[in-house]
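Let me begin by presenting the structure, written as structure tokens, before commenting on it.
Since the model is a prediction, treat every value here as computed from it, not as a measurement. Hydrogens, waters and symmetry mates are skipped; everything else that's a heavy atom, side chains included, is used.
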Amino acid sequence: MTQTYRPGVYSRYQVTYSGTSKLPKTGIFCCGTQKQTGAAVEQYVPVKIENESCLEELFTKEENPRLWRLALLWLEQGVGLWLLPATVDGSQPEEADYAAALAKAQEIKDAACLLCDSGEEQVLLEVKAAVEQALRQQREWLGFGFCSASDAPGLAAALNSERMVLCCQKASAAQGEEGDALFTCAAFAARILALSAPNDSLSGLPLPGIGAVEALGETEVEALLAAGVTVFEEIGGAVECICGVTTKTKAQGGEDRSLGAITTVLMIDHVMQAVRARLKGLLQSIRTDRYTLGAIETQAAVALGEEQDLGLVESFQSPQASRDKENPSTCHVLLRFALAVVVSQIWITAEITV
């Protein structure tokens with residue numbers, strides 16, 4: 001764990017796969033922009049978009065069509081938007097522009113997802129680095145990326161992260177417009193942010209705000225899911241998620257799908273946030289007495305019990321708290337819990353007598 005002198009409650013976890021508080025409703029969109037003349041928008045400086053009027057004051061619809069379509073897609077679903085300008089003069093951002101802008105993303109404290117308007121591999125690797133950096137700072141983000149269906153398997157393998165979600169099918173944000181995989185990705189990110197609970201099933205999850213999605217054959221669907229790419233289909237005029245997966249498919253050179261489901265990551269994040277929140281309240285009232293470690297263990301157990309009641313934790317062992325031998329003012333808490341599993345498949349075996 002990184003050495004820090006700042007008081008607070010910190011966490012880390014290791015997931016072992018045996019074979020068997022709601023996220024903030026705000027996302028970050030990093031893109032190239034053309035700002036309005038005189039608008040208070042600076043390159044690499046995040047700006048909060050509260051509503052359509054705010055968007056109109058800063059960026060014209062004609063000069064920023066993708067930004068406008070994505071912003072309305074999020075705002076109409078009740079999702080907040082932090083805009084991170086990689087450029088402000090209408091030029092196409094270079095890789096260095098995205099890197100500089102994403103470095104500034106760490107200043108944003110109330111977000112839960114990160115998306116760029118570029119599907120280039122190097123940019124998506126920068127997004128991955130940004131969400132991993134946020135995780136080290138106790139902020140659980142998901143990174144979202146898009147690309148073509150042909151590039152998706154290789155790009156997913158390059159990302160190979162439980163913090164990255166990749167989409168590859170084109171969809172339109174308005175009837176009659178050209179399809180764009182960015183809109184599919186953005187609609188899915190917004191839908192994840194708008195979930196009522198972290199263990200909501202993503203299978204069959206509808207994506208409001210987009211039209212017909214690029215169709216895939218069943219063989220393509222299976223291949224993309226195996227590669228760690230989230231795929232969608234159109235049913236009854238609505239676009240639905242077939243299966244929501246992260247790009248994490250391998251570990252230590254072998255196959256590892258323990259963190260392949262987006263819901264698994266969301267549930268882990270929710271549990272860790274709940275434990276941190278409860279222990280943070282305790283930290284403010286801790287005194288130098290012999291009951292400190294016991295109180296920490298008790299409160300951690302209470303937090304896990306609450307998550308068990310919510311159906312996110314299946315079982316847990318008693319937390320263990322200990323003081324650091326080199327720095328007695330630091331306390332380590334060991335949590336052991338089994339995460340509940342969201343069922344995504346039902347197989348029926350029928351024995352029929354005729």
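Within the 4.5 Å cutoff, the side chain of Pro85 has no heavy atoms near those of the Glu42 side chain. When side chains are defined from C-beta on, Thr247 does not count as touching Val229, because their heavy atoms never get closer than 4.5 Å. Using a 4.5 Å heavy-atom cutoff, the side chains of Thr230 and Leu166 are not in contact. Between Cys113 and Trp141 there is no side-chain heavy-atom pair separated by less than 4.5 Å.
The residues Glu140 and Arg163 are annotated as not salt-bridged, no charged nitrogen and carboxylate oxygen being separated by less than 4.0 angstrom. Asp256 and Lys248 are not joined by a salt bridge, as no carboxylate oxygen comes within less than 4.0 angstrom of a charged side-chain nitrogen. A salt bridge does not link Asp269 to Arg139: none of the charged nitrogens lies less than 4.0 Å from a carboxylate oxygen. The pair Glu255-Arg257 counts as a salt bridge, with a side-chain nitrogen and a carboxylate oxygen less than 4.0 angstrom apart.
For CD of Gln106, the number of neighbouring non-hydrogen atoms (other residues, nucleotides, ligands) closer than 6.0 Å is greater than 12. Lys48 NZ: more than 12 foreign heavy atoms inside a 6.0 Å radius. The number of heavy atoms from other shown groups lying within 6.0 Å of CD (Glu120) does not exceed 12. Within a 6.0 Å sphere centred on CD of Glu94, other residues, nucleotides and ligands contribute 12 heavy atoms or fewer. Shown here is Glu56, whose CD atom has no more than 12 heavy atoms of other residues, nucleotides or ligands within 6.0 Å.
Distance alone, capped at 3.5 Å, places no donor-acceptor pair between the Gln169 side chain and the Val213 backbone. A donor-acceptor distance shorter than 3.5 angstrom exists from the side chain of Glu297 to the backbone of Ala321, with no hydrogens or angles considered. Looking only at distances, no side-chain donor or acceptor of Asn327 sits under 3.5 Å from a matching main-chain atom of Asp324. With hydrogens and angles disregarded, no donor-acceptor distance shorter than 3.5 Å links the side chain of Glu132 to the backbone of Ala129. No donor-acceptor pair closer than 3.5 Å links the side chain of Asp117 to the backbone N or O of Leu182. Checked by atom type and distance alone, the side chain of Trp82 never pairs as donor or acceptor with a backbone atom of Ala111 at under 3.5 Å. Judged by distance alone, the side chain of Thr87 and the main-chain N or O of Asp89 form no donor-acceptor pair under 3.5 Å. Between the side chain of Asn199 and the backbone N or O of Val342 there is no donor-acceptor pair closer than 3.5 Å. Counting only distance, with no hydrogens or angles, the side chain of Trp74 and the backbone of Ala189 share no donor-acceptor pair below 3.5 Å. Judged by distance alone, the side chain of Lys35 and the main-chain N or O of Val88 form no donor-acceptor pair under 3.5 Å.
To the nearest 0.5 Å, atoms CD1 (Ile49) and CG (Leu67) are separated by 7.0 Å. For the atom pair NZ (Lys325) and NE2 (His332), the distance works out to 10.5 Å, reported to the nearest 0.5 Å.
Under a hydrophobic-cluster definition in which Ile, Leu, Val, Met, Phe, Trp and Tyr are linked whenever side-chain heavy atoms come within less than 4.5 Å, directly or via other members, Val245 and Met267 are assigned to different clusters. Transitive grouping of hydrophobic side chains (ILVMFWY, heavy atoms separated by less than 4.5 Å) brings Leu125 and Ile28 into a common cluster. Transitive grouping of hydrophobic side chains (ILVMFWY, heavy atoms separated by less than 4.5 Å) brings Val165 and Ile192 into a common cluster. Criterion: ILVMFWY side-chain heavy atoms under 4.5 Å apart, direct or through other members. Under it, Leu81 and Leu195 are part of a common hydrophobic cluster. Linking ILVMFWY residues whenever their side-chain heavy atoms come closer than 4.5 Å, directly or via other members, places Val47 and Leu70 in the same cluster.
Under 3.5 Å, the side chains of Arg136 and Gln133 contain a donor-acceptor pair of N or O atoms. Between the side chains of Thr60 and Gln36, no donor N or O sits under 3.5 Å from an acceptor N or O.
The six-membered or imidazole ring of Phe232 lies near that of Phe188, with a centre-to-centre distance under 6.0 Å.
Of the residues Arg66, Lys170, Arg69, the one that meets the salt bridge (Lys or Arg N to Asp or Glu O under 4.0 Å) test with Asp180 is Arg66.
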